There are 2 protein chains.
Amino acid sequence: MTEQTPLRPTRQRVAVAEALASVDDFRSAQEIHDLLGRRGEPVGLATVYRTLQRLADAGEVDLLRTEDGEAVYRRCSTTHHHHLVCRGCGATVEVEGPAVERWTRSIAGEHGFTDVSHTLEIFGTCRSCSASPATD
Amino acid sequence: MTEQTPLRPTRQRVAVAEALASVDDFRSAQEIHDLLGRRGEPVGLATVYRTLQRLADAGEVDLLRTEDGEAVYRRCSTTHHHHLVCRGCGATVEVEGPAVERWTRSIAGEHGFTDVSHTLEIFGTCRSCSASPATD
DNA sequence: AGAAACGATGAGAACGATTGTCAAATCGCC
DNA sequence: GGCGATTTGACAATCGTTCTCATCGTTTCT
């Protein structure tokens, strides 16, 4: 389980990692796959999925679910943090809130829960998107 | 948008609502569908989905996504709250944290975001589950 | 009551995201 | 230079969810 066969840095894996590095918001596996294709570095869809999963398992990318359940990934700092995401353009800001961390742990403790984790995402409309209406 | 055609209290809708009322943790549409079938109140799968969606839209049930993106529903109080969910047995506790609400709003404001919402779920292992290992 | 009008239902098809399959390509290493 | 293990990719398969559409149940109008 904790055992990891050493990963080989194949062309495909590097390409996926670079694609993630080149954008700063959340992207779905399919979007990454398209992006790579357009970039002239085609990578099979299955491979993109596999690679993103590994990266997420390794904690090198953050994974979250859109409202309709689609998985989206983003390269992030490795410390614990949350996201403030714009509904319009997807722009993402990493935020930290020690108080929240403490609160969740204590609430969970009060109810006898152990081994606590949590998810917290904030959604809103960023300044530029509230200025100009949906360019969707 | 805010306009709602009055819902008819059909046998199916009542059945779904009752099924939700009879359990106190999150269930997927398919689970509700199965439950109703076993109970001798068969309701078409599509209808279950439709009904759950409406209930969720109306704020009468909470909707959240499991780790693998499946939508699960639960009958809840109508005030804003979050959930503390046991990974083992699914037992759910509703929790409130005014401080968190304030924090998310202010963080979002600092970054120029408006029309702010957020999701926050806490996962852990409840007392009985940490006593007896996975009865799964 | 009878008929028209309309929302609601359900069986199954359609869909879209994700995962599985498996033969062929590639890499690290002897 | 070749070998075995890993990785890849085209495609099929899965799974949750939504759509389609003919039919049904109510309500309303006459």
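Proteins get letters first, then strands, A, B, ... in listed order; numbering begins at 1 in each. Because the structure is predicted, anything quoted here is derived from the model rather than measured.
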Here the distance between atom P of C/dT9 and atom CG of B/L52, to the nearest Å, is 12 Å
Should the pair B/H82 and B/H118 be assigned to parallel (<30°), tilted (30 to 60°) or perpendicular (>60°) ring geometry? tilted
For each nucleotide in nucleotides 10-21 of chain C, reading 5' to 3', give B when a protein heavy atom comes within less than 4.0 Å of its base, S when such contact involves only the sugar-phosphate, and - otherwise. BB-----SBBBB
Go through the steps to decide whether B/S22 and B/R39 satisfy the test side chain to side chain contact (heavy atoms under 4.5 Å, CB included), and finish with yes or no. CA-CA 12 Å; B/S22 73; B/R39 236 184 228 194; 2.7 Å; yes
Within the 4.5 Å heavy-atom criterion, are A/R65 and A/E121 side-chain neighbours or not? no
So for atom CZ, which belongs to A/R87, do other residues, nucleotides or ligands contribute more than 12 heavy atoms lying within a distance under 6.0 Å? yes
Tell me which one of B/E60, B/E31, B/E94 satisfies salt bridge (charged side-chain N to carboxylate O under 4.0 Å, His left out) with B/R74. B/E94
Summarise protein proximity over nucleotides 23-28 of chain D in one line of letters, 5' to 3': B for base, S for sugar-phosphate only, - for none, counting protein heavy atoms closer than 4.0 Å. --BS--
Side-chain donor-acceptor pair present, A/T51, A/R54, cut-off under 3.5 Å: no
For residues A/A29 and A/Y49, report the shortest heavy-atom separation together with the two atoms involved. CB-CE2, 3.5 Å
A side-chain contact here means heavy atoms from C-beta on lying under 4.5 Å apart; do B/F26 and B/L64 qualify? yes
Please report the distance, rounded to the nearest Å, between NE2 in A/H33 and C1' in D/dA10. 10 Å
